[in-house]
Structure formats: C-alpha cells, structure tokens
Protein chains: 4
Amino acid sequence: MNISVIGATGYSGAELMRILSGHPNTKVVHAVSKSFAGKKMSEIYPSFLGCDYPLEPLDIPAICADSDIVFTCLPHGTSSEVVPQLLDGGVKVIDLSGDFRYNDAAVYEKWYNTKHGAAHLLNQSVYGLTELYRDKIKHAGLVGNSGCYTTSSILALAPLLRSGLIDTGSIIIDAKSGVTGAGRSEKLPLIFCEVDENFKAYGVASHRHTSEIEQELSIAAGSEITLSFTPHLLPIKRGILTTIYASTTASKAQIDKAYDIYSNEPFVHITNTLPEIKHVIGSNNCAIGFKLDERTGRIIIISCIDNLIKGAGGQAVQNMNTMCGYSESEGLNNIGWYL
Amino acid sequence: MNISVIGATGYSGAELMRILSGHPNTKVVHAVSKSFAGKKMSEIYPSFLGCDYPLEPLDIPAICADSDIVFTCLPHGTSSEVVPQLLDGGVKVIDLSGDFRYNDAAVYEKWYNTKHGAAHLLNQSVYGLTELYRDKIKHAGLVGNSGCYTTSSILALAPLLRSGLIDTGSIIIDAKSGVTGAGRSEKLPLIFCEVDENFKAYGVASHRHTSEIEQELSIAAGSEITLSFTPHLLPIKRGILTTIYASTTASKAQIDKAYDIYSNEPFVHITNTLPEIKHVIGSNNCAIGFKLDERTGRIIIISCIDNLIKGAGGQAVQNMNTMCGYSESEGLNNIGWYL
Amino acid sequence: MNISVIGATGYSGAELMRILSGHPNTKVVHAVSKSFAGKKMSEIYPSFLGCDYPLEPLDIPAICADSDIVFTCLPHGTSSEVVPQLLDGGVKVIDLSGDFRYNDAAVYEKWYNTKHGAAHLLNQSVYGLTELYRDKIKHAGLVGNSGCYTTSSILALAPLLRSGLIDTGSIIIDAKSGVTGAGRSEKLPLIFCEVDENFKAYGVASHRHTSEIEQELSIAAGSEITLSFTPHLLPIKRGILTTIYASTTASKAQIDKAYDIYSNEPFVHITNTLPEIKHVIGSNNCAIGFKLDERTGRIIIISCIDNLIKGAGGQAVQNMNTMCGYSESEGLNNIGWYL
Amino acid sequence: MNISVIGATGYSGAELMRILSGHPNTKVVHAVSKSFAGKKMSEIYPSFLGCDYPLEPLDIPAICADSDIVFTCLPHGTSSEVVPQLLDGGVKVIDLSGDFRYNDAAVYEKWYNTKHGAAHLLNQSVYGLTELYRDKIKHAGLVGNSGCYTTSSILALAPLLRSGLIDTGSIIIDAKSGVTGAGRSEKLPLIFCEVDENFKAYGVASHRHTSEIEQELSIAAGSEITLSFTPHLLPIKRGILTTIYASTTASKAQIDKAYDIYSNEPFVHITNTLPEIKHVIGSNNCAIGFKLDERTGRIIIISCIDNLIKGAGGQAVQNMNTMCGYSESEGLNNIGWYL
C-alpha cells in the first residue's frame, strides 16, 4: 500500500511516520512538510537517523498519482482546503484534524469559530473511531480521525449510554493530557520552565472537544447530551487520563455487561484495577476502569490512552488497516513502553 | 517563642523546620526524629548545611519544660498517643496529622479504620484553617492543622455554601497533588521510574480527606453534605490543583460577593484568570478562580495551594502566628517561587 | 526459536520481554520471576495487558528442556550460580549481569568486591558487544551482554584507540544516565521526590563499569589503559549521554576515518551534529558525535544510547540475532520515539 | 535603600525581584520591563499576586533621581548601552550580563563576537564574585555580577590554583545546568516536549563562559590557563552541577587546607559527601565536594549552585549587601528548598 503523509513534521505527523515505518504493508511515498521541504526527516527528528525520508513540498497531483491512502496531519481549516483536492484526485483520505469529524457544519462553525471550508463532504466522511464505526470505515473514502480527548471519553461512556445506565444530564469529564497534545509550537506557555512542575486547567467550559464528545455521546444515548468537559495540562509528554463522573443506579454487573461490547476489541481493555497513563503509553490501547460509589450514587470512570497513538497516529493506522482489510492491529503495538 | 518539632525529618516536618528557621520570632529548641536521633538535620537534608539542628529522640518532659508551642508531624494514630502528654505538660500543640481535625470520633474511626486514641480531646481541639476559625485558634491549646487536599477544597467552597449559592448534592471535587503529599517513604509506587511521566487516580470514592471536607462544608452549608472526591497523583513534587464542579443558578456577581469574605485575607486570592500550581508554589497562598458555564448550569472552580506550605507547614505557622498574636504572615512568604 | 527469560520483572527483564514480544522469530516459553511467580506479567506491568505471560518460579530442567536460548536478567553473583546449570542443560545463555563480561576473574573480584562463582566459564564467555565481537558471538554458547555505561563509552572510543589517535593516559568519561539504570528497587534515593529536579554524581572514582571499560579499551589500544569514569544520575527514565575527553593531535579526517569502521553497522551512527538522549530513546541505536578543540588539543565525544535497549535488552536481542543467524536488526527498532 | 531593577521580567530579573521583596532594607522603586511596561508584575508572574509591582518603561533620569542602586538584567550588548547613562546619573550599578565581567575588551569581543559598547568602563568595573573580590566590591560603583557556570567553576578551582595544587593544563569542566539558564524565550529547543526526558551538550568548545572562567582562574593561578568547558542542558528548572577534573599530586590534607579559605564564608560549603543540585536549590549556597583518585592521579570536584540565586540574583544581592555595608546574608536564604 502506498501512503503519503501531509504534515509529516508536526508531533502527530512524526508519530504517524514512526508507526508507518514499522508497518509491514505500507510504504511512505511522499512525506510532505511545508516548513521543512527539501530537508530530510532526520534533520528535524534525529530519531529517524536509521530510517530516513526526504521531506517534500505539497504536490497534490504527484501524491494522488502515487498514493493509495493519504493521511492529512494539518491544522483545522487547512485540512478542509486540501482534502477535497485529494478526494478529487482519487485517493482515500484519513484526516487527523477536526474538520471532518462533525455531522453538522453549524456545530463545527460554532465551536471552531470559523466557516467550514468543505461542509459538503461532511455527509460522506466517517467518524474515525474504529470501535464505533468499523463497518462504515471499511468502505469510507474519507475518515475524520477521532480526537485525543474525545477518544478516551467516548470509548468510556458510549456503552453506558447505549445501555441507558447513566443519567445523561449528570456527565462531567475531567481530562488531563500530556503536552504533545498542544503540538510542536514555539509558544511561551509551552516552554519547559513554564510547564515543568506545573499543572493547569485550560479551555474551561469552552474547549472544542466538548462538541465532538457531545455529538458522539448523543448518538450513543439517542438523545441530546450536554456535558461538562475540563481539559488540563500535565507536565509529561504523552498520555491522557480522563476522570468521568455520572449519576447512576446501575449495578456493577450491569456496567460490566455494557462494557462486554469491547470483549473482542484488540485495543480496548476493561481493567479490574484503575488504569494509569503509563499502562498505555507507547501502545494503541485504551484502558478503562471504574468504581461505583454508593455514597454519592455516582460512577467514576478512569480512561487512559496515549494521545499520539490511540488519540492520533495509531488510531489513524487502525482505521487504515480497517479500510484496507488488514488485521486491525497490523503495525500497532499492543504492549506499551511502561518505562 | 521556643518551639519544638516532633517528627522533623518527614517531608512536612522538614518543610516546617525550613519555614521556622526564617521566622524572626521563633527558636527551635528541640527537633525530634525517631529514625535519625543523634544525627544532624543536614545529614538527612543537606539543604540545611548553612543552618543546622541536632536531631533528638523524643523526650516529652524536656520538650514541655523548654517549649511554648510544639508542632507534631507524626502519622495519624501516633499523634493521638503523644499529644495528650504534651498538653498535660502544659504546652500548646499544633498537630499536623488527621487525629485532631474531627468533631466526631465516629467519623474519624470509620474513615481511618482505627480506634481514636484521644477522642476526649476532640471537643477542645480547633480545626486549624485560620481563615475559618481565626477567633477560636487565637485561644486554642490544641489545633488540628487542616489537611492539604481539604484546605484547597474548603477554602474554595465554604463561602459559596455559606451563601447558599450552589446545589449541595452536586459537588464533585477532582483533585491533583504532587508526590510530597505521600511523604518520604520507600514504596515501589513512589520510586521515580513509576511516577515520572505518569498520572493516576487513587483512593477513588474512599480517600480519608472526603470526610474532613464533608465535615467542614456541612458546617458551612448548615446541612449534611455528601460529595465526590477523587485524588490524583501528579508527577511533580509540590502543589495541589483542585477542580470543583457544582450546579448553580448564581450569577457571577453573586459568586464574587460570596468570595468577598476573603478580601482582607493575606493568603487567599480570588483571581480573574484561572490559577495554576506554579502561581502558588513556595508561598502560603491559596489562589482561587472560577468560571460559570451557562450551557450546563455549573460553576467550575480551580483552587491551588502548595501542599507543603498552605497545606501543612505554612498553615501551621499561620496558626502559630494567630495563637501568639504575631502578624499572621510573619515568617511566611507571600511571593511564590514560580521557577 | 524458543526463549526463556529468567528475571523477567526487573526493568531490564521487562524491557527484554517487551522487545521479544515483537520479534517475529521468537516465542517466550518461560518467563521466570522469583518475586512474582504465580502472577501474570500484566499484574506487575499493566502495559502487558494486551499480550500477557504467566510468571513462573525457576525450574532449570524445564527451561533447558524447552528453550533454545535463555536470557538471564539477574543480579551479579546470582547469575554465576544459575548460568552454569543452564549451560550444563544444553542451552545457550545471554547473561545481562556483569558476571560474564570479564576476561580476568581477579579484576571482577576487585571491582565487585566478591568472589566470582563461575570463574572457569570466563574463558568461554564472549563479551556481548556485537559491533566488536560479532564473529565470536556467532558461535558463542555464553555471552556476557555488555553493560549500559560501557556500551556507550566503548563504542565511542574503541575505533580511536585501535587507530592510535588519542593519548591513552588522557581519557576522561563523564557519563549521565536515566534512573532505570538503577533497577526497580525501593530505595530512598530513588523515590520521586529525591530524584525529580535533582542531579548528582555517584560512584565517583569507584564505579564497577570503569573496569569493564578499561578491559575493552585496553584490548582496543593494545596497551593497558587507566581512565577516569564518573557516572551521574539524570532525572529521566531512560537514556545515557556520555561526554568523553581525550588529548589528541589527530585531524577531523583521521577521526572520521577511524569511525568508518561503523559505516555498515545498523545501529551505530556517527552524526554531524552532536547527538542528544532523545535522538536514540526507544531504539537500539548508539549515536556518536564529536568536536575537535584546537585551543586545548582535546577531542570531545558525545555518545548516546537507550540504556534499556542498546545498553541491555536490545543489545541482548542483537546478540541473539547474531547467534541465531537472523538479520541483526530483526525485532529491533531503528527509529526512536523522540516523544 | 531605594532600588531599581531594569529587566524585571526575564527569569533572572523576576528572581531578583522575588529576593528583593523579602529583603528588610530595600524598596524597589522602579521595576522596568520593555515588553510589559504598563502591566503589573503579577500579570506576568502570578506568583507576585500577594505583593505586586507596576512595570514601567525605561526612564533613566527618573531611575537615577530615585535610586541608590540599580540592577541591570539585560542582554549583553544592551547593558553596555544603558549602564554608562546610569553611572553618569550618579547611581551605583550591578550588572547581571556579561558586559562588565571582563578585564580585557578584546577577550569579550572575541568570545561574544561583538564590539564592546563601553570598553572604557572595564577598568573600573569589579568582577562580582563576592568571595574573591569582597574588598573591591565594597567600594565599587559598577559590578559585573559573575555568571552562573562561572561561579560554580571559579569557586571550586580558585583556591587550588592559588595554592598551586593542580596541573594548570589539565583542567576539564563538565557542567550541567537547568533550563532557566537559557532565559524566558520562545525557542523550539526550549519547549517542554523537546527538553523533558532529554539531555544534551551544547556550546561544546565554544561557550562564552569559558573565557570568563579562564580569566579568573588565570588570575588565581598567576599564569595563563586554557581549559575545556562543556555545558549541558538538564531537564530541570534550576541548578548547576559542575564536575571538574584536574591532575594533581596533592594530598587530601593539602586540598582541605586550600579550601580553608572558605571557612568563614556564609555561602560556600565544603562538604564531606559530594553535593547534589537539590542540596542548594533555593539558597545562595555553593556546595563543593571532591574526591582524589589515586589510580588516575586526578582530583574530581563537584560544585553545585542555584543558577538563579548564587549564579544570578542572589549573588547580585550579596554584592549589594557588600556595597551597602549590610550583613552579607541579609535577605538571602541559607536553607535551600530541598523539595
């Protein structure tokens, strides 16, 4: 399978390149970087010194001629400019921005505060969370790869909402992410001495991922859901841990049964003890544990992923595997790094 | 003022020793360490190399003879053995364990899962959060210094509950602490390679501080409060950030007015932008910010302290200053380290 | 190839298990853990939740019956008790301790301050640094896998000493390692709050790896070498950066030529810019850069490896590949994680 | 004493402001920030929320009219533009840049690769390392505050060179610094995900501090010294640990005797065990330990400081205390934070 990656030198793009390099069925034929075209990948990420790629400027006709699947790792807004041209060129696209995750352009435009550049494609794009949309992804030409916070939240809550086990008005998602989630960008709040030994909330009551989570959980519940979502910045590189609160009268057995939907999933694990970020880092896993609190009538769910893998590049490759008929875990690590 | 510190070589004790060394009105006459008696403080904490103390075994008569105030930095259960003897010896005591924070021994015994060793003292001990109990602390002989998670939670919520502004059944406290909160202890989950680049929840729906927070917030509300409290372990040394959710119909003006109670407090700051852990580290400050979310009808409050200072040694010195008639901020830093 | 790992739950053992799990030609038939026999690997390292192993007590006859190659990840001293029995049982052994790295038991006994338990095997064991002893390793029955600090030091210096380009009396090795190098052990100096935001030297003028480096560099130079080696502890999990100083009158061209010996090596990379730890983490690479300082007549060499991979488990698998006739990089990552 | 700080919002400036705020004899009358004039200090560093300052544009006449002493925390090159005007205005100046540390403008111009803007002042500026130039500093009108790497290096080596105990041609300084040393600047190599879990050398054989160290050590030795200096970047905020190698035939007693020069110094401590960065962080201390290695005929010295305190703002206040006749440790912490 010939692959191109547009936006190969952001953190998500670079991680995707790393994963693809170890995939037995893919060959990266074009690695595109606007900022670093003409250089080699190893000049930007010296970790590629043993397995290098030339970085090219964006040449859509060449990409379309040579590629079966194209991954777009671009800022939102830019994706919706580039993706239509790629589709017109006859390739399949997996887009890692927020541009093609929405069913309703109005929701996107409200939360992203910008006009959608390719709203006509939203009815054909598939939401790229394999566990929820596997059958549609198999036949998709355009996948809007699910976001990082959203993946950890939706996988944890969708089964309970589908089974009607929690109070739909009571959901609070308190999420914590490593700094790679902010991308490779030279901003003061991201420099080491501002982040190290610090912790903060951001985007309180206004983060875009709120709308993406609400969209998917509303579908799961079959009714409109409004919820609280609070992201925080952890002084670590990778990983998301999401703490979720919801009112429930369900028993442990009922919750377990709802989660049985994941029993054959290669990457979603319901754990007896509560998962930690280091349990999943380096893998495409999502680990989910929960505790029922009788005192308060709430369930507390902990969900962990590696934001760069299950929350970006790994999820994208899982979608690609699904689209191509490969084993879903081809080229993806089941065992995390731990250290 | 002659001071003794019992338990000078745990993290809380050592931090208290550091603060006391810079206090213009105090002299540490006995620094007691069970584990390291006979050594010098600088052998255990080389940061004391410019200002050292001999470490002594526990000699209660000597301590009582020489001291005006004694700080006990002992494990819960041990404090209730030692403190009665100190009181009998005629000294005032500020205890940093959980033993003397409760009004009802039964609550303590349920959450700490142990018999209280000095329940008869609970009716004379004062809860050691200066901002709430200043007048009682002035005349107290025994202060149960408030806990770390609890301080950040109670200071944020008490004014709103006193003013009846939030739904008392809706409170969720999602708290994140640095590792010093776990003390200086050689446990596998605390070694560097297990904590670094990791993040986890612990004590979910069962942490002891839940009961301490519920006690004080019930008093503030004038009605019994049951709430969710979830502590998490941050891969940093110091600091607590607490994210609090509650349903409310109050306006920003009403919330602001409730918080006016702190307008003359030297250490509690209501901030316009949301506080971060690094804003308070190294200081005795508690910084509180909030956001009203009309979509969900909730207030989200962020409260930050340095767990070793406002959550332990600094709070203890603030209480001591109050008991001794010193300026409340004597010997305490108003400016955090930031770096 | 059937593999057993003895000592599967230390950090080196667990990393080796992780690497072997991704190796296309190996099957781990026995994972032995003294401390955790009867449990599953995922109970000790939840990162194995997608690919688990039962942990067994040590049963040498069963291991010898079932295995082609056995990796021993045991403390020094313990290895020399177990390895002879394995060899007697007819299996090949790759030992990750210091026990079988020495040509002269007296040197081992002086630096490790203990009697060698199997000195008679030293003349048949091969020093396990593939780049230096590839031909011997191919036919070896017992490999003493090279150490972490030593690998980074020897790979950097051996070519220059073979070519006679540096003053043999002038070598100073200032090395810095991540904390995994100290193993998974519950010691006070290893707990998070003692390591985080700290940095220290240790084992100054007395670290055991000095003798291992001196042995191999003396062989490379053809004369006895005595050198200064100072290890330091970095507040990171993985990685070693070694800064090496030596007096030289060689030109850049001469140095480059000496390093040409690595031009076909899959894992040793001479870089134009100086390497950093994050360039190699997660890979089996050793990256080496240097600068000639005319002012002082010295060469400064920077050498980086991942101590758990090229300095332990990855090196061990590279040796195994060599012994088994597989491609040397089978199952080993050429691209580091960077993030 | 009325103080002004020019460049109050860089890391060195902010730390100096923090220290001055706790000094009993000083009042900051002008806090100057080019970038943030018109804002309050707490808007830039919210740690100042309990003790704020207005930030002003540079107004040299006003500063000269109101101030006794001015601290300039400006980039090199900028200092030499501003300082002459301040001196003309009749105030004393302590400059924290490299501009006034040199005796010979040619050396400065070679290593800083720029023309010196006020070379005529070099013969009246005093090198601002109190321990070496106390008497001159007492009467100085212009002090070139010593640099961070240089302070840790010079304090460790000067006594041995004055006593002629080490081979002057053999000195190698391998130094490691926290990231605050690079200042508050939005550069890609300084963002969290590039620094965290990483370690690297930089400025190898070319760092400016080499020349400053050589200048002062040549004076101490009474002969021209050329040495190797290699700085490295630690993934921590504060602190410098310097590992120094030199050939020597001196005995431990001789070394101890040379270091006796520091026996009455409040901030320099010769320690029996080797110091670590966390032993000095938060204090104005320099801790120095050493080991003689008979095998190699070398002394290995470990020297630690807090780069923002003894290596910048604390040193500056120590110099100010000396100039003003205050106790040298007034307003300066002897006890580090440790945690």
Side-chain angles (χ1 to χ4, degrees), chain A residues 9-15 18 33 35-36 39 43-49 148 176-202 232-240 277-278 281-282 306-309 311-313 337-339, chain D residues 9-15 18 33 35-36 39 43-49 148 176-202 232-240 277-278 281-282 306-309 311-313 337-339:
Chain A
T9 55
Y11 284 156
S12 288
E15 181 72 358
R18 187 181 72 82
S33 168
S35 316
F36 301 110
K39 301 206 168 184
E43 292 177 81
I44 316 308
Y45 292 94
S47 48
F48 280 79
L49 47 83
C148 53
K176 301 89 176 174
S177 173
V179 186
T180 48
R184 198 185 209 204
S185 118
E186 299 171 356
K187 293 176 185 155
L188 189 64
L190 297 182
I191 70 171
F192 182 81
C193 295
E194 304 290 319
V195 173
D196 181 50
E197 301 289 306
N198 194 20
F199 182 70
K200 66 172 175 181
Y202 66 99
H232 300 75
L233 191 70
L234 286 166
I236 65 175
K237 281 185 294 189
R238 290 170 172 256
I240 287 176
I277 277 185
K278 75 185 294 146
I281 292 303
D306 184 322
N307 60 303
L308 287 177
I309 304 184
W337 303 333
Y338 198 84
L339 295 172
Chain D
T9 55
Y11 284 155
S12 289
E15 181 72 358
R18 187 181 72 81
S33 168
S35 316
F36 301 111
K39 300 206 169 185
E43 292 177 81
I44 316 308
Y45 291 94
S47 48
F48 280 79
L49 47 84
C148 53
K176 301 89 176 173
S177 173
V179 186
T180 48
R184 197 184 209 204
S185 119
E186 301 172 353
K187 292 176 187 156
L188 189 63
L190 296 182
I191 71 172
F192 183 81
C193 295
E194 304 292 318
V195 173
D196 180 51
E197 301 288 309
N198 194 20
F199 182 69
K200 65 172 176 182
Y202 65 100
H232 301 73
L233 191 70
L234 285 166
I236 66 175
K237 281 186 294 191
R238 290 170 173 257
I240 287 175
I277 277 185
K278 74 185 294 146
I281 292 303
D306 184 322
N307 60 304
L308 287 177
I309 304 185
W337 302 334
Y338 198 85
L339 295 171

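Not measured: the values here are computed from a predicted model. Chain naming here is simple, since letters A, B, ... match the order of the sequence lines and numbering starts at 1 in each.
Annotation for D:Cys193 and A:Thr180: closest pair SG-N, 3.5 Å, computed over non-hydrogen atoms.
Contacts of D:Cys148 classified as side chain to side chain contact (heavy atoms under 4.5 Å, CB included), with partners at least two apart in sequence or in another chain: D:His209, D:Ile240, D:Asn307.
Expressed to the nearest 0.5 Å, how far CG of D:Leu190 lies from CG of A:Leu188 amounts to 10.5 Å. The CG atom of A:Asp196 lies 7.5 Å from the CG atom of D:Asp196; values are rounded to the nearest 0.5 Å.
Between chain D and the residues A:Val179, A:Val195, A:Ile191, the largest count of heavy-atom pairs under 4.5 Å involves A:Ile191.
Every pair passing salt bridge (charged side-chain N to carboxylate O under 4.0 Å, His left out) that includes a residue from residues 176-194 of chain D is listed here, sequence neighbours excluded: A:Arg184-D:Glu194, A:Glu194-D:Arg184, C:Asp174-D:Lys176, D:Asp174-D:Lys176.
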